[in-house]
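First up is the structure itself, then whatever we jot down about it.
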Amino acid sequence: MSRFVFITGGVLSSLGKGITASSLGMLLKARGINVTIMKCDPYLNVDPGTMSPYQHGEVFVTEDGAETDLDLGHYERFIDTNLTRYNSITTGQIYSTVIAKERRGDYLGATVQVIPHITNCIKDSIIRVSNINDADVTIVEVGGTVGDIESLPYLEAIRQMRGDLGRDKVCYVHVTYIPYSKAIGEMKSKPTQHSVKEMRAIGLAPDLIVCRTARSLTKEVKDKISLFCDIDPEGVLEARDVDCLYEIPLEMERQGLAEGVLKKLKMQAPEPDLEQQKQIVKSFRSPHQEKVKIGLIGKYIKVADAYLSVIEALRHSSIGHNASLELIWVSSEQIERDGAEACLKHLDGVIVPGGFGDRGIEGKILGIQYCRENNLPFLGICLGMQCAVIEFARNVAEMKDAHSSEFVDSGEYPVISLMPDQSGVVKGGTMRLGAYPCRISENSIAASLYKSNLIYERHRHRFEVNNEFRARLSRKGLIISGTSPDQQLVEIVELKNHPFFVGCQFHPEFKSRPNRAHPLFAGLFAAALEKMQTRLS
Ligand code: GLN
């Protein structure tokens with residue numbers, strides 16, 4: 001039977017509970033412990049697939065096609081394991097399950113209530129994850145903040161699990177915020193005390209507290225938290241703001257996070273092997289004078305989390321190269337206003353990530369045209385690839401006003417469209433989702449990067465390259481270098497006689513890891529690095 005670590009948050013949202021959970025996962029895995037991590041999201045959406053990235057950041061997609069919270073991306077990158085749809089639950093899913101059971105008559109005779117029916121369903125979901133993964137330790141991150149109405153059923157469920165499983169089988173880690181008052185010149189522990197008081201009121205007491213803070217905690221503040229929150233002094237840890245996420249596990253190790261958890265769970269484990277992690281951090285940290293400037297053309301440029309995995313994958317691609325990444329945000333609407341040259345001419349490479357909706361589309365297309373015509377390395381992902389096909393159709397294959405039927409219904413050249421069997425779909429869980437196989441043609445850029453002719457990549461889209469126009473696009477020089485094994489779906493396009501011009505219908509960013517940059521991102525970075533070197537010489 002697995003042991004369980006529950007991560008809760010207090011005082012503020014967005015404190016880095018996900019990174020704390022991921023770091024702990026990595027530290028346990030580095031000790032040879034089989035670990036899995038799951039997220040409980042207290043909102044009523046069945047999944048975040050229908051939420052705006054402005055609200056929620058990116059939607060992360062698992063190998064088995066679940067649309068999940070972006071924290072699952074952190075988990076996968078930190079513990080280097082593919083997770084499944086079971087690693088993410090939402091209140092919407094829990095209620096749907098319970099209500100479906102009620103309609104089936106599974107609870108015949110009973111009044112169906114939050115306690116015990118909703119809480120039992122939550123507990124079953126948590127146990128299911130640990131069983132499926134045969135985990136020694138299951139880390140469960142409870143979304144939201146202690147004190148929220150929505151979080152209560154989850155907190156009650158994890159409280160009950162202490163009684164169900166025994167005290168030694170569960171550990172509670174509470175992540176809080178320590179504000180610093182400039183006027184008084186002091187750090188303040190009171191919000192943390194109140195948050196713990198709130199937990200106590202519902203029968204939960206943290207074993208460890210991770211304090212997010214801009215400054216180092218003084219001994220006085222640590223002692224105060226220890227005393228008022230009834231925690232061993234060594235159980236109060238600090239999480240300082242850092243510029244490199246991958247440093248956090250090393251810092252947490254120095255402060256004894258994993259040791260504290262193992263002690264509470266009465267588990268023995270060997271010393272961790274963190275050599276690889278140290279190398280990754282060293283590589284991020286090494287001072288490079290020159291920076292490879294990669295522009296990300298998007299419409300959500302004010303919300304970095306909307307492109308979280310893309311940015312992480314770009315960072316991974318800089319590891320191992322003797323240069324650092326300088327990420328430059330380019331608004332597609334600015335390209336529409338000021339022209340592509342003004343926005344892109346100083347860059348070494350460009351990435352156009354996925355997206356929905358027609359705002360800024362023409363700016364993306366203009367940006368891609370600039371990359372194609374000026375030998376600027378380019379990687380287009382999903383909508384970015386679709387825009388590359390539209391651009392090529394319009395400007396090279398003489399298909400005037402070519403478009404995607406997602407944006408323009410009529411028109412002579414819907415080069416991107418729904419497949420015939422897709423008409424009449426509703427929104428929500430109806431996209432092509434998760435991993436699909438892709439065959440790669442020999443002698444292509446894709447083949448040289450993947451070093452394989454069969455790959456699996458994760459998708460999240462409805463529209464596809466329209467087969468009606470494939471022959472014409474190919475004749476004009478668009479290379480279709482990856483397709484579904486039955487050749488019905490275009491998965492990768494590229495151009496010859498260009499330093500790097502690749503578009504993919506899937507989302508490579510979800511599979512990139514700090515120690516294994518995704519081949520397409522590595523390819524873009526290498527080409528951009530070369531461009532930087534010529535720029536400087
Ligand atoms: N909107 C496009 C589609 O649904 C692209 C989606 C995406 O980029 N994830 O096909």
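The shown structure was predicted, so the numbers you read here are calculated from the model rather than taken from an experiment. Counting convention: from 1, in listed order, for ligands and their atoms alike.
Geometrically, R372 does not engage Y370 in a cation-pi contact, judged by NZ or CZ lying under 6.0 Å from the ring centre and within 45° of the ring axis.
The pair R432-E491 counts as a salt bridge, with a side-chain nitrogen and a carboxylate oxygen less than 4.0 angstrom apart.
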Can you check salt bridge (Lys or Arg N to Asp or Glu O under 4.0 Å) on E464 and R470, steps first, answer last?
-> CA-CA 11 Å; E464 308 277 354; R470 255 165 83 171; over 6 Å; no
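Under the ring pair (Phe, Tyr, Trp, His ring centres under 6.0 Å) test applied with H518, the options Y450, F525, F506, F510 reduce to a single match, Y450. Among the candidates E509, R315, K511, the single residue satisfying the side chain to side chain contact (heavy atoms under 4.5 Å, CB included) test with F521 is E509.
Among protein heavy atoms, the minimum distance from atom 9 (N) of ligand 1 is reached at R460 O, 2.8 Å. For atom 10 (O) of ligand 1, the closest heavy atom belonging to the protein is F463 N, 2.8 Å. In terms of protein heavy atoms, atom 2 (C) of ligand 1 is closest to E406 OE1, 3.2 Å. Scanning all protein heavy atoms for the shortest distance to atom 4 (O) of ligand 1 gives R462 N, 3.0 Å.
Between the side chains of D69 and H56, at least one donor-acceptor pair of N or O atoms lies under 3.5 Å. For the residue pair E312/Y246, the side-chain donor-acceptor check at 3.5 Å is satisfied. Using modelled atom types, one finds no donor on one side chain facing an acceptor on the other under 3.5 Å when comparing R212 with T20.
Taking any N or O of L383, backbone or side chain, at least one lies under 3.5 Å from an N or O belonging to ligand 1. The shortest N or O to N or O distance between Q505 and ligand 1 is not under 3.5 Å. Polar contact check, G355 against ligand 1: a nitrogen or oxygen pair lies under 3.5 Å apart. Residue I381 places no N or O, backbone or side chain, under 3.5 Å from any N or O of ligand 1.
Under 4.0 angstrom from ligand 1, there are no non-hydrogen atoms of E464. The side chain of H507, and not its backbone, has at least one atom closer than 4.0 Å to an atom of ligand 1 (non-hydrogen atoms only; side chain from C-beta on). Both the backbone and the side chain of H461 come within 4.0 Å of ligand 1, counting heavy atoms alone.
For ligand 1, the atoms closer than 4.0 angstrom to any heavy atom of C382 are 5 (C), 6 (C), 7 (C), 8 (O), 9 (N).
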